[in-house]
Amino acid sequence: MNIASLKCSLCGAEYPADKIKYVCPKHGDSGLLDVIYDYDKIKSQVSPRHISRSNDFSIWRYWNLLPIENHDSVPTLRVGWTPLYRASRLGKQLAIKNLFLKDDGSNPTGSFKDRASAVVVSKAKELGADIITAASSGNAGAALAGLSASAQIPAVIFVPSTAPEAKVAQLLIYGAHVFLVKGTYDEAFDLCLASSKKYGWYSRNTGYNPYTTEGKKTASLEICEQLGKRSGTSEEWVAPDCIFVSVGDGNIISGIWKGLRDLLALGWIDELPKLMGIQAEGSAACYNAWRAGTETITPVDAHTIADSISVGLPRDGTRAVRAVRETGGAFVTVSDDEILDAMRILAREEAIFAEPAGAAGYAGLVRAMSMGIIDGDEEIVVVITGNGLKDVPAAIRAAGKPLLIEPKLESVPRI
Ligand SMILES: Cc1ncc(COP(=O)(O)O)c(C=O)c1O
Ligand SMILES: [Zn+2]
């Protein structure tokens, strides 16, 4: 394992990884830690060329850049190495020459969150944890339930009672203990944290456990490797100019940023892409902080059809705002109608069926183009973060209902 230290994102204090489990002791629950690696050591072990020849088509192809010691700790479920599609038709519509869609809804439990859970469950196994817990708006829980089933560790998951039924069913089918909390995601989060402290359960909570970001960073490693392969120089990795991703708690965008910073530290990419954080208009706490020029997040009363990014108090908001600011990107907000449009367009033009939060990144790109803040010559990647079957009622709202007909030929109109 190549970890050098855990570094507080607020005060910069560094700690040995075996001494601290979650957050900076000086800052309590808000002192999120970045995992810092010994980059010289990694460079002496592997190179982009070396990794590009790996036959491991999962996040674990980046083993030397991940925080796990023992291969036996890794669950068997295959996570990551999701497709990066060139979206020629949509690129043409938007006058973007090089547009790519990273389909993370194709992960085993249907969302980007599998990346984090694969790493955290491995870490739990390494630490000998008996029980692992998380609060979730649905997907992080499903990912934890799936990966825990794969590793055979019991999982306890707290979800707001408003979560879509399909997401709750997914938790239960994997055998997780599920608490439906009569409250918001934010309340479920606080309850989960308090329970994990009371009972000693290992907490996977987003914006608390330092290793979720490490799992999520694998998406940016893949993007740079896959773009390198596309450009015909699989020996070298290539960062795009711009990455669009939806933001709720802000941990996905922080993770993507972390992966890119690791690559820059290794000298495997030359520049950081602009990170574009997309929030729903009704759940825009990070956007508000970014616009106000601060890192301090003021909670909002969150309402949006995109339940996965419906977050009043983003737990990784400060790093999310930094990710956008320090890469010269922007936050953009989109309405629920724009999200529903994006769901239809992605499915019809590029055959990618996304849940609302999964399509929000693309809705943000459409909005950013109309605002004139993106140049069509830039190479752009949009991360599609979740599968459409996660939220069937939203899909029906986007797609409409079919025609009900009698079982007679004369009822079938010409189309
Ligand atoms: C499908 C999907 N998209 C986007 C997000 C946003 O990620 P984060 O909360 O880390 O910002 C989530 C989080 O649950 C998600 O499930
Ligand atoms: Zn600190």
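Whatever order the structure lists them in is the order used to number ligands and atoms, beginning at 1. Just so we're clear, the structure is a prediction, and the values are computed from it rather than from any experiment.
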When you measure from the centre of the six-membered ring of Y202, is the NZ or CZ of R204 closer than 6.0 Å and no more than 45° off the axis?
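No, cation not above the ring by the 6.0 Å, 45° rule.
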Does R315 make a cation-pi contact with F189 (under 6.0 Å, within 45 degrees of the axis)?
yes
Shortest protein contact, atom 16 (O) of ligand 1 (heavy atom only)
N139 ND2, 2.7 Å
Tell me which protein heavy atom sits closest to atom 13 (C) of ligand 1, plus the residue, atom name and distance to 0.1 Å.
K113 NZ, 2.5 Å
Which ligand 1 atoms are under 4.0 Å away from a heavy-atom of [X]?
| X | value |
| --- | --- |
| I309 | 4 (C), 5 (C), 6 (C) |
| G248 | 6 (C), 8 (P), 9 (O), 11 (O) |
| E355 | 1 (C) |
| G386 | 1 (C) |
| S246 | 3 (N), 4 (C), 6 (C) |
| G250 | 8 (P), 9 (O), 10 (O), 11 (O) |
| V247 | 11 (O) |

Just checking, any donor-acceptor pair under 3.5 angstrom between side chains of S283 and S310?
no
Is there a donor in the side chain of T213 and an acceptor in the side chain of W257, or the other way round, less than 3.5 Å apart?
no
Within reach of ligand 1, part of [X] (heavy-atom separation under 4.0 Å):
| X | answer |
| --- | --- |
| S308 | both |
| D249 | both |
| K390 | neither |
| N251 | both |

[X] versus [Y], closest heavy-atom pair with distance:
| X | Y | answer |
| --- | --- | --- |
| V238 | G228 | CG2-CA, 3.8 Å |
| V159 | A188 | C-CB, 4.4 Å |
| S308 | A357 | CB-CB, 3.6 Å |

Would the H71 and W60 ring centres measure less than 6.0 Å apart?
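H71 vs W60: aromatic centres not under 6.0 Å.
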Do F244 and F100 have ring centroids that are under 6.0 Å from one another?
no
Heavy-atom distance to atom 2 (C) of ligand 1: which of D307, T385, I252 wins?
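Result: the heavy atom closest to atom 2 (C) of ligand 1 is in T385.
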Rounded to 10°, how big is the angle at the Zn ion (ligand 2) from C8 SG to C11 SG?
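Computed angle, vertex at the Zn ion (ligand 2), rounded to 10 degrees: 100°.
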Contact between ligand 1 and A140 is defined here as a heavy atom of the residue under 4.0 Å from a ligand atom; is it met?
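No, A140 has no heavy atoms under 4.0 Å from ligand 1.
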S111 near ligand 1 by a heavy-atom separation under 4.0 Å
no
Any Lys/Arg nitrogen of E281 or R367 sitting under 4.0 Å from an Asp/Glu carboxylate oxygen of the other?
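Result for this pair is yes, salt bridge flagged.
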More than 12 heavy atoms of other residues, nucleotides or ligands under 6.0 Å from NZ of K197: is that the case?
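Count over threshold, so yes.
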Closest to the Zn ion (ligand 2), which N/O/S atom of H27 is it?
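Answer by atom name: ND1.
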